[in-house]
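Data first, discussion second: the structure below is written as structure tokens.
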2 protein chains.
Amino acid sequence: MYELFFQKFNEKIALTAEEEAFIKQYLTPKKLRRKQYFLQEGDVCKSICLVEKGALRAYVLDETGDEHITAFALEGWTLGDLYSFIKAEPATWNIDALEDCELVLISKQAHDELMQTMPKYETYIRMLMTDAYMALQRRTTYMISLPLEERYLAFTQMYPTLFQRVPQHMIASFMGLSAETLSRVRSRISNRK
Amino acid sequence: MYELFFQKFNEKIALTAEEEAFIKQYLTPKKLRRKQYFLQEGDVCKSICLVEKGALRAYVLDETGDEHITAFALEGWTLGDLYSFIKAEPATWNIDALEDCELVLISKQAHDELMQTMPKYETYIRMLMTDAYMALQRRTTYMISLPLEERYLAFTQMYPTLFQRVPQHMIASFMGLSAETLSRVRSRISNRK
DNA sequence: AAAAACCGTTGACAAAAATCAACGATTCTC
DNA sequence: GAGAATCGTTGATTTTTGTCAACGGTTTTT
């Protein structure tokens, strides 16, 4: 159990068997069926999760009830409404399962205790945050600076697995486009080759 | 010297006078005249900086030579091309001074040594990253989910000082809009009141 | 196994944003 | 202090994107 969680951890910071056992005490497994919520808007995000199996998406609803996808998570990725998790305020994001999922949960309490007692955990979180920030920065830079077709190609290269696995209208939403526009962007790209 | 740097640090993690003195050894002051570069695309970002006085902007150039502003920094903010800084790869961002500036620089080497030797520094950086990530996440969420007028108002509230201090066409660029469109958005907002 | 929901694409049209040009009013620069 | 550059706005036009509707082909649900 928790294979991917510790694989990802060890890629950043090597852990001894004892350290792994220590951390395991703070983790909780959770299974989620397709379409089930991991988090609903208004609730406090009490845990962040790592995806062992399956796929999640995060989205916000606008005033007309339309969904706008803000993030995805596939195997090995970590997801949560970070603002809500850190500040213990109501979440603005909804997170639900695109496929049946196996998750590893770290509760806020577990997170705080690990942060206090285990320097390696803090280092891991720091590195995770740094990587997440760099990735989001790149996404944002592409959003404002690349024309649509280049942006789509850049995103494809940034998240190749994701784009194969997730319906295109969700990719469109993630990019801030209508499904029809993305479909036309794709057809323009294939015509120009 | 370094007043704002240590003020910001102490807001997160309280430092003793000895600890401040220790950190000071790793810092370098730098003055920058308006329009001077802090970083140019293609160079490796060897330092991140905290702004003691003045204002910076970061931008990328597209294939037609147009600028797209990716970030600003006012007094107390930290800025750099993080990806380039961490990975020691050529920067994709340009950073220059919008006003005459006084900066505090942390070189990559200083950063790495502090990270190794001083747990409080790592904690500070972790918190800085976390805050930066949450802020960027909010910006990204607004970008894809809010209609233009609401987005502008949300950004105004998110960065009130910035919006007073920086020319509007740069705000437009930061939001991924043309200057003319932002001007019209603003006039629509004032007319509806 | 049948019905329902979902998916991606296309066409016609409407709405939104970019572009180009011009203007007066600062503000910088020399 | 004069000339040049920058700034924000507005109008006219073009381009881009969203919206609405329809379709055939999946996949899900029951």
Side-chain angles (χ1 to χ4, degrees), chain A residues 32-36 54-55 57 59 61-69 72 96-101 142-153 155-156 162-192, chain B residues 32-36 54-55 57 59 61-69 72 96-101 142-153 155-156 162-192:
Chain A
L32 225 55
R33 286 274 171 72
R34 188 170 131 86
K35 300 200 177 177
Q36 274 190 311
R57 67 163 180 167
Y59 63 95
L61 296 172
D62 64 24
E63 67 276 15
T64 71
D66 287 344
E67 295 172 357
H68 300 271
I69 296 182
F72 292 100
D96 63 12
L98 297 175
E99 309 169 4
D100 293 352
C101 282
Y142 288 160
M143 286 283 270
I144 64 168
S145 69
L146 290 183
L148 216 37
E149 299 184 19
E150 315 311 324
R151 197 187 317 162
Y152 176 73
L153 291 171
F155 276 45
T156 300
L162 185 69
F163 275 47
Q164 287 165 357
R165 191 144 154 206
V166 162
Q168 247 121 57
H169 71 273
M170 292 191 184
I171 300 292
S173 172
F174 179 67
M175 294 181 68
L177 301 174
S178 71
E180 294 93 334
T181 296
L182 184 60
S183 173
R184 285 184 251 259
V185 167
R186 283 161 44 83
S187 86
R188 260 182 275 146
I189 289 172
S190 41
N191 285 339
R192 82 184 186 190
Chain B
L32 225 55
R33 287 276 170 71
R34 189 170 129 84
K35 299 199 176 178
Q36 274 191 310
R57 67 162 181 170
Y59 62 94
L61 296 171
D62 65 24
E63 67 276 14
T64 71
D66 288 343
E67 295 172 359
H68 300 270
I69 297 183
F72 294 100
D96 63 13
L98 296 176
E99 309 169 3
D100 293 353
C101 283
Y142 289 160
M143 286 283 272
I144 63 168
S145 70
L146 290 183
L148 214 37
E149 300 184 19
E150 315 310 325
R151 196 188 315 163
Y152 175 74
L153 290 172
F155 276 47
T156 299
L162 185 69
F163 274 47
Q164 288 166 358
R165 191 145 154 205
V166 161
Q168 247 121 57
H169 71 273
M170 291 192 185
I171 300 293
S173 172
F174 179 68
M175 295 182 67
L177 300 174
S178 71
E180 295 92 333
T181 296
L182 183 61
S183 173
R184 285 185 253 260
V185 168
R186 284 162 44 83
S187 85
R188 259 182 275 147
I189 289 173
S190 39
N191 285 340
R192 82 186 186 188

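All chains are named by letter (A, B, ...) in the order of the sequence lines, taking the proteins before the strands, and each is independently numbered beginning at 1.
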What is the distance from [atom1] of [X] to [atom2] of [N], rounded to the nearest Å?
X	N	atom1	atom2	result
A/Leu148	D/dT16	CG	C1'	9 Å
B/Ile171	D/dC7	CD1	P	12 Å
B/Glu149	C/dA16	CD	C1'	11 Å
A/Ile189	C/dG8	CD1	C1'	16 Å
A/Glu180	D/dC23	CD	C1'	14 Å
A/Leu98	D/dT28	CG	P	12 Å
B/Met175	C/dA16	CE	P	16 Å
A/Tyr152	C/dG8	OH	P	10 Å

- When we call it a touch if two heavy atoms are under 4.0 Å apart, what does B/Leu182 touch: a base, just sugar-phosphate, or nothing? nothing

- Message: Categorize A/Arg186 for me: base, sugar-phosphate, or nothing, with a 4.0 angstrom heavy-atom threshold over every strand shown.
- Response: sugar-phosphate

- Task: Establish, yes or no, whether a centroid distance under 6.0 Å links the rings of B/Phe163 and B/Tyr152.
- Result: yes

- Item | Side-chain donor or acceptor of B/Ser190 paired with backbone N/O of B/Arg186 under 3.5 Å | yes

- Spell out yes or no: do the side chain of A/Gln168 and the base of C/dC7 have one donor N/O and one acceptor N/O closer than 3.5 Å? no

- Message: Can you tell me whether the side chain of A/Arg184 and the base of C/dG8 have a donor-acceptor pair closer than 3.5 Å?
- Response: no

- Message: Heavy-atom nearest nucleotide on DNA chain D for B/Ser183 versus B/Arg34: which residue maps closer to 5'?
- Response: B/Arg34

- Query: Can you find a pair of side-chain heavy atoms, one from B/Leu98 and one from B/Met170, that are under 4.5 Å apart?
  - Reply: yes

- B/Lys35/B/Asp96 under salt bridge (charged side-chain N to carboxylate O under 4.0 Å, His left out): CA gap, chis, key distance, verdict: CA-CA 6 Å; B/Lys35 299 199 176 178; B/Asp96 63 13; over 6 Å; no

- Is the phosphate of C/dC6, meaning OP1 or OP2, less than 4.0 Å from a side-chain N or O of A/His169? no

- Using a cut-off of strictly less than 4.0 Å, decide whether B/Thr181 has a side-chain nitrogen or oxygen near OP1 or OP2 of C/dA17. no

- Residue pair A/His68 / B/Ile144: nearest heavy atoms and the distance that separates them: ND1-O, 3.0 Å

- Task: Tell me which nucleotide among D/dT17, C/dA18, C/dT10 gets nearest to the side chain of A/Arg188.
- Result: D/dT17

- Message: Quick check on DNA chain C: between B/Arg151 and B/Lys35, whose nearest nucleotide comes earlier from the 5' end?
- Response: B/Arg151

